[in-house]
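Following: one structure in C-alpha cells, then a few remarks.
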Amino acid sequence: MSERNGGDLVVESLAALGATTVFGLPGQHALGAFDALRRSKLEYVGLRVENNAGFAADGYARVTGGAAPLLVSTGPGALMTLAALQESAAASAPVVAIGSQVPVAGLGGGRHGYLHELADQKASFRDIVKSVHTVRTASQIPSALAAAWESALTAPYGPVWVEIPQDVLLAPVTVPPVGELSAEPRPLPPRAELVAEAAALLSRAERPVVLAGGGVVRAGAEAELRTLAERLDAPVACTFGGKGAFPWEHPLSLRSWLEDRHTTGFLEDADVLLVVGSGLGELSSNYHTFRPRGRVIQVEADLGKLESNHPALGIHADARLALGAIAAAVGERRDPAAPAAVAALLERVRERIDGQDLGLEQGVLAAVRDALPEDAPSFWDMTILAYWAWSAWPGPMHSAQGAGGLGYGFPAALGAAAADRTRPVLAVSGDGGAMYSIAELATARQYGLPVTWLIVDDGGYGILREYMTDAFGEATGTELARPDFVALAGAFGVPAVRTGPERLRDDLADALAAPGPSVVVLPAHLRMFAPTHLGRPGAARPRPRPPVPQGETFRCALS
C-alpha cells in the first residue's frame, strides 16, 4: 500500500505529541497501525507477551516522566495488558494504551462473530485506567489521541485506553499528515486558603513531621520538599513509592522503615503530620496500624485519596505546587533536637533488625547497592529482596508495590533501557517472578538492551512461603520446579553467570559494565525481618536455608 490510512494518522499523531518510542505486540486487527510504524520515524520495541509490553511502557514512563505509547490488538491481546495497566494506575505511570477493535459494524455488542470479539471491550478497562477513548472514524484519531495524552499527563498521572476499529485503521485517508497537536496537561494548584491554614499549623507545631509519597517524585518536588523540611526542622520519612524524594543521609531523614513499629510511633507522635503524595494506604500505614494523634495535612493530586484513610486538612493539588506554596508561607522554625530524635529512631530500628540473624539478607542488599552505578535505575519484582529494598535501599527504585503483581521487574527494566541505552539498568526478580517474563530474554537480545537481570533463586515463591508458614505452620503451592537459568539465558544468546553471596558484588558489577543484556543468578534462601503490625516485635521464626559460607564479610545494608 502506498496510500496513507488510519494507521498513519495514529503514528503521525503520536509523533506530533512528542512520542519517540512505541511498545507493543501486533495482532490481526491492529496490523494497519503496525504497518504504519514501518513508514514512521518512531522506534518500535516489540515484547513477547502483551502484559510485559505494558510493563515495559510503564518502566519507560517512570524514567522519562513522559507518556509511553503501548500498541496492542483486540480481545486476548487487549485483555493481557490489564495487570500491567493496573500497576501503572496504582503507581500513576502515564501509559497511553492503544488497542484495536473489531470492525465498526461489530461495536456495541452486535455479536457478529468476529475473531477476538467482545460485547464491550472497553468495559474491562474502565475500572483500571483514568479515561477511555473510542474512535469510530479516521478523522477522530488525532483528537482522541491528544485527549488521551493530556489525560495521562494531568496530575495524577495514570494510564489511559484508546481503541480503534480494524477498518478505521485500514481505511484510506486523504487529509494532510498530522503536523501539530495540543495536549497540555492541566495544572493543579492548591487553593490559597488551604495553603495559609497548612502553613499556620506547621509554623505553630512543636513536633512537625513529613511523610513523602510517590507523588513528590512524580511531580519533581524534591527541592521544594527539602526547602520546607529545612525551614521547619521537620523529620521526613519516605514511603516505598516515594524513595528518593528526600536525601537518605540527611540529618532529618527518617528513611523508609515504614513496616516498623518504632517509625509508626514516631509518625503518630507528630502534633502536625504533613502527608504529601500518599494516600496512607496499606504499606504506608504499616498495614493500617497507624493511628495519628495530632493534626494531619494531606496534599494529594488524586481526589479519591483525600481523607480516604484518616481525617485531614485535605489539599487537592500537585505536590510541587503545594510544597512550594507552603514553603514560601511558613515561618522559619528551629529545633536543634530534631536530628538527635531522628538518629535515635534509626538506632532503634537497627537494633531490632540486628537482633534477628539477618546478616545474609543485609549483605546481599549491600552487595547489590555497591555494584549498581549511582545513576543507574533499578526495577524490582515482588520478591523478598525487593521487600528489603523498600525499607533499606538508600535511593530511588521502581517496583510493583502499587498493584503487587508478579513479573514486573525485567520487562519494566527493558522499557527503561529503551529510553536511555547509554547507562545500565538493573532488574531484580525471584525465580517464581522470573518465569513470568523469561520470554523477554529474546526481546533483550533482539534490541541489545543494557539490562542486567539478577534472579534470586530460592526454589519457589519465597515471600508466600514465609506468609503461609507464619500463618499456618507450613506452606502449600509455593515450591517450584524451575529451569537452569544460566543455561536458559545462554540459549537466548544472553551472557549469564551463577554467583554466590561472597561473589555477588563483583559478578553483578561486571555484568552491569558489559554491553547488552546479561543475567546473574544467585541461589539463596532469604528471609524477611519480623513484622511489627501483627503484634510480634520479636525475632523472626528461624527457617531452613543453605548455610552462609564461612569467612564472608558483608557491610550492613542499614548503614
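All values below come from the heavy atoms of this structure, side chains included, with hydrogens, waters and symmetry mates left out.
- When the side chain to side chain contact (heavy atoms under 4.5 Å, CB included) test is applied to S437, the partners found at least two apart in sequence or on another chain are N52, F410, P411, E440, W453.
- A salt bridge between R527 and E466 is absent, with no side-chain N of the basic residue lying under 4.0 Å from a carboxylate O of the acidic one.
- Atom CD of E193 has more than 12 neighbouring heavy atoms from other residues, nucleotides or ligands inside a 6.0 Å radius.
- Formation of a donor-acceptor pair under 3.5 Å by the S308 side chain with backbone atoms of K305 is found in this model.
- The environment of CZ in R295 is sparse: at most 12 heavy-atom neighbours from other residues, nucleotides or ligands sit within 6.0 Å.
- The structure places CD of E197 at 10.0 Å from CG of L202, a figure rounded to the nearest 0.5 Å.
- For the ring-ring contact (aromatic ring centres under 6.0 Å, His included) with W393, the lone residue among W380, F240, W248 that qualifies is W380.
- Ion pairing of D233 with R333 is absent here, as no side-chain N (NZ or NE/NH1/NH2) approaches a carboxylate O to less than 4.0 Å.
- A salt bridge links R255 with E249: at least one charged nitrogen is closer than 4.0 Å to a carboxylate oxygen.
- For the side chain to side chain contact (heavy atoms under 4.5 Å, CB included) test, residues two or more places apart in sequence or in another chain that qualify with A56 are F23, L47.
- With I463 as the fixed residue, the side chain to side chain contact (heavy atoms under 4.5 Å, CB included) test singles out one of L385, T478, I384: I384.
- A salt bridge links R261 with E268; the closest basic N to acidic carboxylate O contact falls under 4.0 Å.
- For residues 291-344, the pairs satisfying ring pair (Phe, Tyr, Trp, His ring centres under 6.0 Å) are F290-H310, with sequence neighbours left out.
- At least one side-chain heavy atom of L313 sits less than 4.5 Å from a side-chain heavy atom of L194.
- Salt-bridge formation is detected for the pair R350/E347: a Lys NZ or Arg NE/NH1/NH2 atom is positioned less than 4.0 Å from an Asp or Glu carboxylate oxygen.
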Would you be so kind as to tabulate the donor-acceptor pairs closer than 3.5 Å made by side chains of residues 210-219, with sequence neighbours excluded?
from	atom 1	to	atom 2	distance (Å)
R218	NH1	A91	O	3.1

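- Pairs engaging residues 394-413 under the side chain to side chain donor-acceptor pair (under 3.5 Å) rule: D58-Y408, R62-Y408, W390-S399 [sequence neighbours left out].
- With a 4.5 Å cut-off on side-chain heavy atoms, P235 and R207 do not count as touching.
- Surrounding CD of E184 are at most 12 heavy atoms belonging to other residues, nucleotides or ligands under 6.0 Å away.
- Residues in residues 262-288 take part in these ring pair (Phe, Tyr, Trp, His ring centres under 6.0 Å) pairs, two or more places apart or across chains: Y287-H533.
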